[in-house]
Amino acid sequence: MSSDRAVPAARAVENLAAKLRRRQVVGSREAALETVLVLRQVVAKARFTNIDQLVSLLREVGKRLAEAQPKEHTVGNVVRKVLHNIREEYNTATKGAPPARNVFSISKFVLQGQPRKQIIAPKSESTLSLREDDPDDPDSFAKGLKPVLMEAIQDVLDELETVYDNVSKTAKDHIHSDEIILTIGHSKTVEAFLKSAGHYRNYTVIVAETGPSYSGHEMATSLSNAGISTFLVPDSSIYAIMSRVNKVIIGAHAILANGGMFAITGSLLAATAARAHSTPVVVVTGQFKLTPAWNLYHEYGALDFADPSSVLGYEEGPLVDKVDVINPYYDYVGPELVDVFITNDGDHPPSSIYRLVKESYDDEDQHL
Amino acid sequence: MPPKSSAGKEKDLAAEEEVLQAVILADSFNKRFRPLTVGKPRCLLPICNATLLDWTFESLALAGVQEIFVICRSYADLVKKAIRESKWSRPSSGIKIVPIITAKETFSPGDAMRDIYTHGIITSDFVLVTGDLVSNIRIDEVVRVHKERRRTNKDAIMTMVVKESGFQHRTRSRGESGVFVLDPETSECLHYDSVVGYPPKTHAGIPREILAEHPEVEIRNDLIDCCIDVCSVEVPSLFQDNFDYADIRRDFVYGVLTSDLLIKNIHCYIAKEGYAARVADTRSYDAISKDILSRWTFPLVPDDNHPGGHAYEYLRGNKYIAKDNTVIMSRYVTARVGPNTLIGAHSSIADGASISGSVIGQRCKIGPGAVLKGAYIFDDTEIEAGALVENSIVGSGVRIGEGSTVRTGCLVADGVVLGKNARLARFDRVSRRRDLVDGESTDGEEDEEEWEMVEAHQDSVTSVLGEGSNAVVWPQSPSEDEDEEVDEVESYNNQRLMRIGDTASDLDLSDSGSVTEDESDSEDEDDASSIMNGFSRTSSMTSISLPDPSVSTIHNLQASAADSEFRSEVRQSLDRAFAEGHSVDNASVELKTLRMASNVPLRRVREAVVEAIVERIPIVEGDAAKQRVEITKIVARWGPLIDRIGGVDPVETVEVLANHCALSTRLPLFGQILVALYQADIVDEDDIRAWHASPSSEDEGIKPGPQREGLERCWNIGKMMIEQFDEQESDEESEESDGEEKVEKVERAPASKPEHKAESSEEESEGSEEESDEDEDEEEKVEEAPVTKPELKAVNSEEESEGSADEESEEGSGEEEESEEGSEESEEEAQVAKTAASTTKVTQTAPAPTSSTPAVATSIAPTALANTSSSTVSKTAAVAAPASKQAPVSVVASTAGTGSQRPAPSSASIAASALPAQAAVGAAAAAVPSGKSAAHDESEDEESEEESEEGSGSGSEEDSSEGGEATPAARHTGEDSSEEESE
């Protein structure tokens, strides 16, 4: 790795790290997309003579980015996914046959539907004569492997770009006519899901305001513009109307390996109310949000506490001095409160999330 | 949060077009953090374990600034080193940081700005911040708004970022803030008045023109001035041009906004979102630390985007513990760590220690049983067992001995060692002895003095420093022999308001007119009864200062010292000009310079010039003709100077002249001087009329005495002159029809009886000289009147005379049919027709005696003026009179003593009592631009004629003569007596 070529890539990494740290890149999909683009740049510029060098380089970059903003779990997820794909491509290229473990894929096992995408598609069957650590031509390995690497990264990118479409493909199977759906916050995935169902079904959505961000307002406007009958209710009435709700559909910020998830504040309230009324809670999400992490100790800071100004105005001078306002951005919703995760790659119960995580990422990447 | 991301992308695009520059004034130019700043600059003090400079860089980096110039003065080497070693100078940071070292003689931000100008580093709009900024405001947004504004308005030179906070906010400086007068629509800053906490400021002056020009004005006293200014390239050069600008707010902003030479605009950006504040003093250090710990600065919080690059774990109760597991802390069982606490890496906290609301640096040791409450402890400090530290700042490398007590408000400088059982009194400042402050040579003799002071103070120290201490205690109160002029802001008592932990409850901060509420029972709340309290809770009102010097001193209090100096300067300068025969041009340049140097209103200059001219006229006893020649000579030579001092206001000139003559030995010359001015075209007929009509030309509000008598005489002379003007016109017309004459007279000089006029004109000796000018008016009249005058003369100042003459002749012609008896009604009509033209119309057709009593006037306009004395009414009228345009409106916070001046009480009082901040001056502002509207509101049930009269501050209608309201009894009696005389 000569430094001169790596400089622009390194700058891109620093740039993104700074943006993540300063919250200029926020939102799980946004962060994931930016990360893939940076990784692609890094791989394109990288010089390596064997796979280990490449992997360690990527891990380093990934570590840098993930540490810059530990609350954006998708950054780490995408890095893991890229590493996983790269290793697979490498294995395919060098050893020929793909490993057979995919046969036991849980998504095939549990669900009626097939996975929509063959991750291990036989793309580069061509028998590349890859020679690592070639002293005569140190670049030959990189040259030979780079096209397939780029393809592997492109796969991740494609997945991210098509995630809304893929998630909402099955929308009409989950939402039936004359149902009443409750949702909370303004999740793009949920929005796409509901709108897609709106093409086939005639149903009603109740949107909670979702304080203190009040993103529910946007959601309600967007849905009613799409011709879906929509009600906007205050958060306080979630429990009261839960008895009339057929389904709770919410988005997630990150899905943890135990089947729990981080989701916008208020999700826990809605999920708990739904549990009390035995209303099914459906989480729609892309698989890039699958995170090999747990919240066993209910790590307090993980909820990402934002500034109190949306709760207590800074201009309330005398109060500011006396009141400490806690404004968590996310709720932790435990696995017992979720009934099903609808992803871009099939529907899964919380109990099988661990398996999905294991399939998606390599074990050695759990800690970048 | 999602919306932010897109903004970030845009910013990058915008930044590519043009490099965004920023200038950091890394020097504080004051000593509020002494002795913590002995041996290091303030910007390297840590707040929440990152230096202030890092916080500032982070704030700027957030805004996409690419090039930063750091202006440093003291300890420049340390600043440079810190910059070099920080993460910001790594190439990957994308920011270019250039330290610039200014001369030691740079004593103010103004000097630094001049230095920036001479360096010539600024190429485009730039961001100017101080080196102690903590902010997450999107400055790039402000820059965008600024640039957009610049595209349409090249004079918008600066945008100040202010943050809404409520006037009692902990982060808002109590000792140093400002009142912003804003136009809510354009967010232009119309006026700025700095506020100091002690002595409490009760008045904020707002120039009248602002209220006249803007239908809606916001007067805000609830803004945190973040000292983030987006400046255009002109700003440094303006500093260069005005060598006396020192402070950016108090001098530059105030100067630019009040200057009538610089037509520049300054705007405000009121940040609704985000956080920004300056660590300007130890008090704000405390407040901002708390703000950071309670996450107001998010995402700039210790666990997320710590500018120092440290990683902290966020725990329940706003506790931040270094993440790398290096903090040695016994489990929470014995070491009690309370809320709002930050503990740096490698620190250890022993059993039984109790910590709350504190920041602990890296590698600190807190002994068993130590108690820290609101303590800010820098790196490498050791607090031994059983010590107590509360509300204090403790520097790095300090050792506080076993069982010591550091009470509220102490500042302990770096490297101090306090022995066992040391006791520091409240607000003690402690540093190492001078000989121990090694290496860092005390820079300059100023520091030398400081140290001597400190050493001299040691005998009177009451605090116990403990055995083996290396410390000296700094004196608290200002030394008595401090004779040098101390800046108001830096005065000791005002500084107390900026001191950490100081409630300053013993300072009398409420002004006399306010009632301090004692709703706060806890002791630390009493400090709230500060000036701001007084500011908000007292009803404030607009008091209109008359242009008369005795009253207008209200707004001139602070300038009085400068004023007297200015007067003597002007006198000398004019003496020189007269003696050496300078050209008028040169003399006027000199006067303008003087005026700007001493920052006095234009009126003072005018007074001084008029005075000089009048006093220069030699008195020739007994020979009127010779005297007249002398006067004409002087006026012809120097008269033009009056209009060359920076503004032309002939009405004021006459007024000033009258005021001066009233007390001068040259009183008898008043008439002749006025005539000479008239001839020299310095004043014309309308001006004399305007002056004559304005109540201030009379003795209103002046105590009986020589001045009042003098003024009365002047007024009478003026009256005679006006009568003469009228006489000449009526003479012309009388040639055509005798019947018209009387109507015309009544119209034009209503205050006087026709017979009286005829006689007075004969009495006046200079009547003949005025004829030529009178002819002009007559000629205009001729256009409408059937008969034409044969000779036409060249017309000077045509517009004015034309305007008035036209109107007059219109009326004249319109009322030709009217009989004399019917003139009363016709006048009413005429008044309606006229908007504000000739204010000289003090119609007095009705018998004078009834109108002259205030009681009658009061009964006529009961709604408007019910509880005001007649003098108040005249002041209301004065608002509209053009002569008083210059007088400022002052917003008076205390009701005491001004009650009687309340004009149009309900609408004009600026309702600062209800909302300290957003004194919705909509209504009030509307009231002030002209007394007219105020009167309108109040006297709805009056006839419209009456309103217009009140508006124009003159005339009357009906037998009660509303104009009489303006004219006090004295005037009427004066008239009456003159009438009698003439008869």
Side-chain angles (χ1 to χ4, degrees), chain A residues 7-8 10-15 17-31 33-34 67-72 186-188 213 215 218 253 264 298-310 312-329, chain B residues 1-9 11-12 58 61-62 64 90-94 136 163-172 222 224 272-275 287 290-291 293-301 303-306 311-320 339-340 520 524-525 528 917:
Chain A
V7 161
R11 180 160 295 171
V13 172
E14 283 302 318
N15 208 353
K19 276 186 183 173
L20 285 169
R21 216 176 49 233
R22 293 177 189 140
R23 310 268 170 154
Q24 285 169 339
V25 172
V26 284
S28 40
R29 182 163 169 269
E30 183 84 25
L33 274 174
E34 295 278 335
E67 274 178 2
Q69 190 46 271
K71 311 285 159 55
E72 290 292 0
H186 187 207
S187 156
K188 292 265 170 52
S213 65
S215 50
E218 283 168 54
H253 174 70
I264 189 164
H298 295 268
E299 199 188 329
Y300 183 70
L303 298 182
D304 198 10
F305 291 83
D307 60 322
S309 59
S310 48
L312 174 72
Y314 190 67
E315 60 279 0
E316 307 276 350
L319 275 182
V320 167
D321 213 5
K322 296 168 197 146
V323 182
D324 279 333
V325 180
I326 304 296
N327 177 18
Y329 199 76
Chain B
M1 289 196 287
K4 279 184 187 169
S5 59
S6 56
K9 267 185 197 164
K11 178 210 71 193
D12 273 4
E58 182 62 45
L62 208 61
R90 274 184 231 149
S92 56
S93 70
N136 64 2
K163 169 87 186 131
E164 249 172 5
S165 71
F167 85 109
Q168 242 184 51
H169 201 279
R170 66 181 173 200
T171 314
R172 196 176 132 82
D222 67 334
I224 291 181
K272 301 263 187 247
E273 281 175 17
Y275 177 92
K290 284 178 182 159
D291 284 345
L293 292 181
S294 46
R295 303 181 79 81
W296 288 99
T297 54
F298 181 86
L300 264 146
V301 285
D303 63 317
D304 193 355
N305 189 11
H306 190 264
Y312 291 92
E313 191 184 355
Y314 180 58
L315 301 173
R316 200 176 292 268
N318 290 342
K319 281 180 283 196
Y320 304 85
N340 292 324
S520 46
D524 60 330
E525 281 317 303

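Lettering of chains follows the sequences in order, A, B, ..., and the numbering in each one begins at 1. Only a predicted model underlies this, so the values are computations on that prediction, with no experimental measurement involved.
The distance from the OG atom of A/S309 to the NZ atom of B/K272 is 13.5 Å, given to the nearest 0.5 Å. Here the CZ-CG distance, from B/R316 to A/L303, works out to 8.5 Å after rounding to the nearest 0.5 Å. Rounding to the nearest 0.5 Å places CG of B/D304 at 6.5 Å from CG of A/D304. One finds the CH2 atom of B/W296 at 4.5 Å from the CG atom of A/L312 (value rounded to the nearest 0.5 Å). Atom-to-atom distance recorded for A/D324:CG and B/N340:CG is 4.5 Å, nearest 0.5 angstrom. To the nearest 0.5 angstrom, A/L319 atom CG is 9.5 Å from B/H169 atom NE2.
For B/L300, no part sits under 4.5 Å from any heavy atom of chain A, backbone or side chain. Heavy atoms of B/N136 lying under 4.5 Å from chain A are absent altogether. Only the side chain of A/I326 has a heavy atom closer than 4.5 Å to any heavy atom of chain B.
The heavy-atom pair separating B/P299 from A/R21 by the smallest distance is CB-O, 4.4 Å. Residues A/Y314 and B/Y275 share a closest heavy-atom pair of OH-CE1, 3.0 Å. Scanning all heavy atoms of the two residues, the minimum distance from A/P308 to B/S294 falls at CG-O, 3.3 Å.
Between the A/Q24 side chain and the B/L62 main chain, a donor and an acceptor come within less than 3.5 Å of each other.
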Next on the checklist: What verdict does the side chain to side chain donor-acceptor pair (under 3.5 Å) test give for A/Q69 and B/N305, after you've listed the backbone C-alpha separation in whole Å, the side-chain angles of each residue and the deciding distance to 0.1 Å?
Outcome noted: CA-CA 9 Å; A/Q69 190 46 271; B/N305 189 11; over 6 Å; no
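For the pair A/K71 and B/D303, the minimum side-chain heavy-atom distance is below 4.5 Å.
Among the candidates B/D291, B/T297, B/L293, the residue making the largest number of heavy-atom pairs closer than 4.5 Å to chain A is B/D291.
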